[in-house]
Amino acid sequence: WRNMFSQFIEQELGFTSTRIDADVYRRKTKRPDGTFYYEYLLVYVDDCLLISHDPNSIMEKIKRRFDLKDGYGEPKAYLGAEIVKHQTEHG
């Protein structure tokens with residue numbers, strides 16, 4: 001499963017695995033205002049955490065290819081850690 005998922009997010013979605021951790025992926029993308037930033041996708045077994053300006057469009061593509069048993073939405077926790085949304089003035 002991991003190899004199939006990794007191949008999909010690298011080849012179809014354009015993410016690249018980081019050198020430090022093979023289960024942390026990133027891709028450079030552009031915000032609507034034209035500034036660039038990195039989106040991150042963290043994978044642990046069958047849990048994913050996506051950090052992006054537009055996570056829904058990416059998750060929809062993943063959902064079309066893989067069965068998401070719990071669906072997706074704004075995360076409340078990841079691997080037992082509580083997640084609190086923090087947005088800087090630059091987005």
Side-chain angles (χ1 to χ4, degrees):
W1 180 90
R2 185 197 178 285
N3 289 337
M4 185 172 37
F5 186 74
S6 179
Q7 186 176 20
F8 172 75
I9 60 178
E10 288 179 350
Q11 294 177 0
E12 301 290 326
L13 300 182
F15 281 85
T16 303
S17 180
T18 62
R19 288 185 221 162
I20 295 174
D21 188 333
D23 291 323
V24 175
Y25 299 85
R26 74 178 188 170
R27 86 175 170 183
K28 191 174 184 179
T29 193
K30 195 186 301 187
R31 288 187 183 98
D33 69 2
T35 59
F36 286 95
Y37 75 105
Y38 282 99
E39 297 172 306
Y40 285 90
L41 179 62
L42 291 70
V43 181
Y44 182 77
V45 185
D46 63 351
D47 287 328
C48 295
L49 178 64
L50 178 62
I51 302 163
S52 172
H53 181 73
D54 183 19
N56 290 336
S57 66
I58 298 167
M59 291 305 298
E60 276 299 316
K61 292 174 186 171
I62 293 172
K63 181 182 170 185
R64 281 187 229 129
R65 180 76 178 267
F66 298 95
D67 183 30
L68 304 179
K69 71 175 183 178
D70 295 327
Y72 67 90
E74 193 167 311
K76 307 270 187 275
Y78 184 68
L79 303 178
E82 181 182 349
I83 296 175
V84 178
K85 186 176 182 177
H86 174 77
Q87 187 161 344
T88 65
E89 77 177 71
H90 300 294

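- In this structure, A22 and S17 approach most closely via the heavy-atom pair O-OG, 2.9 Å.
- Annotation: salt bridge (Lys or Arg N to Asp or Glu O under 4.0 Å) contacts of D47 (sequence neighbours excluded): none.
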Would you tabulate the side-chain donor-acceptor contacts of residues 3-14 under 3.5 Å, counting partners in other chains and residues two or more places apart, or write 'none'?
unit_1 : atom_1 : unit_2 : atom_2 : d
S6     : OG     : Y25    : OH     : 3.0

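- By the rule that hydrophobic residues join a cluster once side-chain heavy atoms approach within less than 4.5 Å of another member, Y37 and L50 end up as members of separate clusters.
- In this structure, the side-chain contact (heavy atoms from CB on, under 4.5 Å) partners of R64, at least two apart in sequence or on a different chain, are E60, K61.
- Residues satisfying the side chain to side chain donor-acceptor pair (under 3.5 Å) test with D54, not counting sequence neighbours, are S57.
- Remark: D21 pairs with T18, D23, V24 by the side-chain contact (heavy atoms from CB on, under 4.5 Å) rule, at least two apart or across chains.
- The side-chain contact (heavy atoms from CB on, under 4.5 Å) search around K30 returns F36, not counting sequence neighbours.
- To the nearest 0.5 Å, the span separating SG on C48 from CE on M59 amounts to 6.0 Å.
- Hydrophobic clustering, with ILVMFWY side chains joined whenever heavy atoms are under 4.5 angstrom apart, groups Y40 together with Y44.
- Scored by the salt bridge (Lys or Arg N to Asp or Glu O under 4.0 Å) test, R27 finds E39 as partners (sequence neighbours excluded).
- Under the salt bridge (Lys or Arg N to Asp or Glu O under 4.0 Å) criterion, R26 pairs with no residue, sequence neighbours left out.
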